[in-house]
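Below is one structure, written out as structure tokens; the observations come after it.
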Amino acid sequence: MTGVHAIPSPPPHALPIAGSEELFPVRRVYCVGRNYADHVVEMGGVPDRSEPFFFQKNPTNLDPSGEFPYPVASKDVHHEAELLVALKAGGDSITLEKALDHVWGYAACLDMTRRDLQAEAKAAGRPWEAAKAFERSAPVGPLHSATEVGHIRSGGMLLKVNGEIRQNADIGQMIWKVPEIVAHLSALFTLAPGDVILTGTPAGVGPVHRGDIMELSIEGLSPLRVDVT
Ligand code: MN
């Protein structure tokens, strides 16, 4: 719709791009659940290749500041180390073969989770928004274009908290690979430029506390350092 807005409207939320003055504007944030077998097991599930499932965060939850204020309403906030995939093109019913043509680039990201609220939601069969889509719940490193770093199909992902290794995996261990995720998502939603996807976390998720320092590195991408305040 064109016309004058009745209230002030915010500009699109946009993220830093490594080595560039340009920003990446974010439209939607999709997240994949249960995408690494060892994490499925640690959460009490059985890994399989049944349909991947998705939930969403809000664009403004993505936070490049390097600071994670401990959120309200929880006493058990966990880190989940994830590869973020940023789309430059959209559509629906995207084929597996064409899926990577829609990918602009990648970043290191944390899907911070209020685990206590998630456990309550799971037990009650309720949605996960309160556990997942809270303020500043997705600290994110600078984006890198696939033109610069290539498409990421494998490579180490390491998350340390206060220098201690918590999550140590390889991107290649994903149950649903990036092209499969894009294809599946596009069968459920009409994707568009600016959509980003958090691709799931491997084993080793755990709590953080005020004063902790989280350091996430993914091979080929800028590392992400986040202070819990
Ligand atoms: Mn996650």
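Both ligands and their constituent atoms are indexed starting at 1 by order of listing.
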Legend entry - Shell of protein N/O/S atoms around the Mn ion (ligand 1), taken as anything under 2.8 Å: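 Correct list: E80 OE1, E82 OE2, D111 OD2.
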Inset, instruction - Before accepting this row, confirm whether a basic side-chain N of the pair R114/E120 lies closer than 4.0 Å to the acidic partner's carboxylate O. - result: no
Legend entry - Polar side-chain atom of H144 near backbone of A107 as donor-acceptor pair, under 3.5 Å: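 No: the side chain of H144 does not pair with the backbone of A107.
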Inset, instruction - Verify, without hydrogens or angle tests, whether R27 (side chain) and P12 (backbone) share a donor-acceptor contact under 3.5 angstrom. - result: no
Inset, instruction - Scan side-chain atoms only and decide if S137 and K132 contain a donor-acceptor pair under the 3.5 Å cut-off. - result: no
Inset, instruction - With sequence neighbours excluded, give me every salt bridge (charged side-chain N to carboxylate O under 4.0 Å, His left out) pair touching residues 7-24. - result: none
Inset, instruction - Apply salt bridge (Lys or Arg N to Asp or Glu O under 4.0 Å) to E80 and R115, showing your working. - result: CA-CA 11 Å; E80 295 191 357; R115 195 70 76 202; 2.9 Å; yes
